[in-house]
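Have a look at the structure below, then the notes.
What you see is a predicted model; the values in this text were computed from it and never measured. Throughout, a chain's letter reflects where its sequence line sits, starting with A, and its residues are numbered from 1.
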Protein chains: 2
Amino acid sequence: MQRISASTRKDALVEAALRLVARHGIAAASTRAITAEAGMSLASFHYVFPSRDALLAEVIERALEREIDAQSLVPYDGLTLEERVYRAFLTSLQLLAADAGTELAMFELMNHALRTPGLEPLARRQYERYWDVAEALVIETGAQWSRPAREIAQIVVSLNDGISLAWLATRDHEAAQRMAAVAAGAVCRLAVDPR
Amino acid sequence: MQRISASTRKDALVEAALRLVARHGIAAASTRAITAEAGMSLASFHYVFPSRDALLAEVIERALEREIDAQSLVPYDGLTLEERVYRAFLTSLQLLAADAGTELAMFELMNHALRTPGLEPLARRQYERYWDVAEALVIETGAQWSRPAREIAQIVVSLNDGISLAWLATRDHEAAQRMAAVAAGAVCRLAVDPR
DNA sequence: GTCTATAATGGGATAGAC
DNA sequence: GTCTATCCCATTATAGAC
């Protein structure tokens, strides 16, 4: 095998792990499976990562950034407030339908972090970032809200998580879309002038 | 050891597994750990359960029923609509704070079902039951809603799941209580006459 | 730096005595 | 029905040759 820089190798392992977790769940992401997926030997793994958990920590951060990037590409020009909120929920559902494994993986990685001593702060930071992104979105609507933007944002994130989980469990597209519509309505009624 | 009926034994194993999953996560619920917790031998396990997954399926159902029982004990007499909805969310948060492990376990068991071939219908049924229970609660408010009771119920469940997950990740009591309040307000604005 | 080989552990499941 | 003992496999991590 060629000599490859440690950072390149880390990168390849994180990507391989992410694919495996998305496809078959976190339990399937053993060090052996990961190195096989990345096309390298088992020993290479421990050359760049001290342990499986150290890798999973990086996997969580990588997955989070990807998720946030996907959300921030949505165009909202010329839409009413309710349409914008609805569109945001729908975008999540589209990401979900396009790659259910990856979205389920986000929940699995979160649970893993919450069960692994030392990784709890990762879960916390993940939520703070979700809230940050949603808050920016709420402010960007330009609406006047009856509560601080951050609280609205937290409700939006909660609804999004809840609807996503419900879809993952039931795979009921119609129900999920109706939920997105009703949720958008409920959120918009928190605006002072829900135009 | 004494001769014990198969059903008693199953029961003891399910309870032991539930305790382990709540304490240390689903990964810690190995057949060996479960039988040790239940105070019996490993072979007894396979005498009453064909496999670990067969046990976990029963664990999921048991945990679900317990969760629903806990929620249905809440008294709502003499409260306004918003107070009732708020109270429902708060009750969830209290259960959460009282036993975070068990509530986290619910999410883990759900993920497990979604990743295990053959157990997906369990996850689906679990959600249908959540929705049923919430729908009964929504109807019981006596309010006139702008959408069918089931859709309101689905939003309530989504909010509850989302808020629960956020609390599990951040352990921020204040934020969670504010979220419960704002969520209750948003839901109630879906009533025709939100008195 | 990268590999093969192996240690060390823990897992699910089963055989067979009682 | 219940147990002990064991099989067999997969896992994480490391040793040591190159």
Side-chain angles (χ1 to χ4, degrees), chain A residues 1-21 23-60 105 108-109 111-113 115-119, chain B residues 1-21 23-60 105 108-109 111-113 115-119:
Chain A
M1 248 306 162
Q2 250 199 321
R3 268 172 154 71
I4 297 178
S5 80
S7 68
T8 308
R9 207 166 267 275
K10 277 179 102 157
D11 212 66
L13 286 170
V14 169
E15 288 299 324
L18 212 42
R19 286 196 298 274
L20 281 174
V21 177
R23 275 210 296 273
H24 299 116
I26 198 169
S30 66
T31 54
R32 288 178 134 83
I34 292 167
T35 49
E37 170 84 16
M40 56 181 92
S41 77
L42 177 57
S44 305
F45 182 97
H46 289 286
Y47 182 74
V48 287
F49 284 109
S51 71
R52 178 174 178 264
D53 270 336
L55 167 105
L56 284 180
E58 297 214 9
V59 168
I60 292 174
E108 291 185 272
L109 290 168
N111 280 351
H112 176 80
R115 281 295 186 192
T116 308
L119 291 193
Chain B
M1 250 302 163
Q2 251 200 318
R3 268 173 155 72
I4 298 177
S5 78
S7 69
T8 308
R9 206 166 267 275
K10 276 179 103 157
D11 213 65
L13 287 170
V14 169
E15 287 299 323
L18 211 43
R19 286 196 297 274
L20 281 174
V21 177
R23 275 211 296 273
H24 299 117
I26 198 169
S30 65
T31 54
R32 292 176 136 86
I34 292 167
T35 50
E37 170 84 16
M40 57 181 92
S41 76
L42 177 57
S44 304
F45 183 98
H46 287 288
Y47 182 74
V48 286
F49 284 109
S51 71
R52 178 175 178 262
D53 269 336
L55 167 106
L56 285 181
E58 296 214 8
V59 168
I60 292 173
E108 291 185 272
L109 290 169
N111 281 351
H112 175 79
R115 281 295 187 192
T116 308
L119 290 193

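In this structure, CG of L42(B) is placed 15 Å from C1' of dG1(D), rounded to the nearest angstrom. Taking atom CZ of residue R52(A) and atom P of nucleotide dT14(D), one finds them 15 Å apart after rounding to whole Å. Remark: P of dG12(C) and CG of D53(B) are 10 Å apart, rounded to the nearest angstrom. Residue L20(B) contributes atom CG, which lies 11 Å from atom P of dG11(C) at whole-angstrom precision. Atom CZ in F45(B) sits roughly 16 Å away from atom C1' in dT2(D) (whole-Å rounding). Atom P of nucleotide dG16(C) and atom OH of Y47(B) are separated by 18 Å, given to the nearest angstrom. In this structure, the CE atom of M40(B) is 13 Å from the P atom of dT4(D), given to the nearest Å.
The 5' end of DNA chain D is approached more closely, in terms of each residue's nearest nucleotide, by A6(B) than by the other of H46(A) and A6(B).
Each of dT2(C), dG11(C), dT4(C) was ranked by its minimum atom distance to the side chain of A43(A); first place goes to dT4(C).
Listed pair R9(A) / dG1(C) fails the phosphate criterion, with no side-chain N or O lying under 4.0 Å from OP1 or OP2. Dashed line: the shortest gap from a side-chain N or O of R3(A) to OP1 or OP2 of dG1(C) is not under 4.0 Å. Checking the phosphate oxygens (OP1, OP2) of dC3(D), a side-chain nitrogen or oxygen of S44(B) falls inside 4.0 Å.
Counting non-hydrogen atoms under 4.0 angstrom, S41(A) reaches a base of the nucleic acid.
Heavy-atom minimum distance, L55(A) versus I34(A): CD2-CD1, 3.5 Å.
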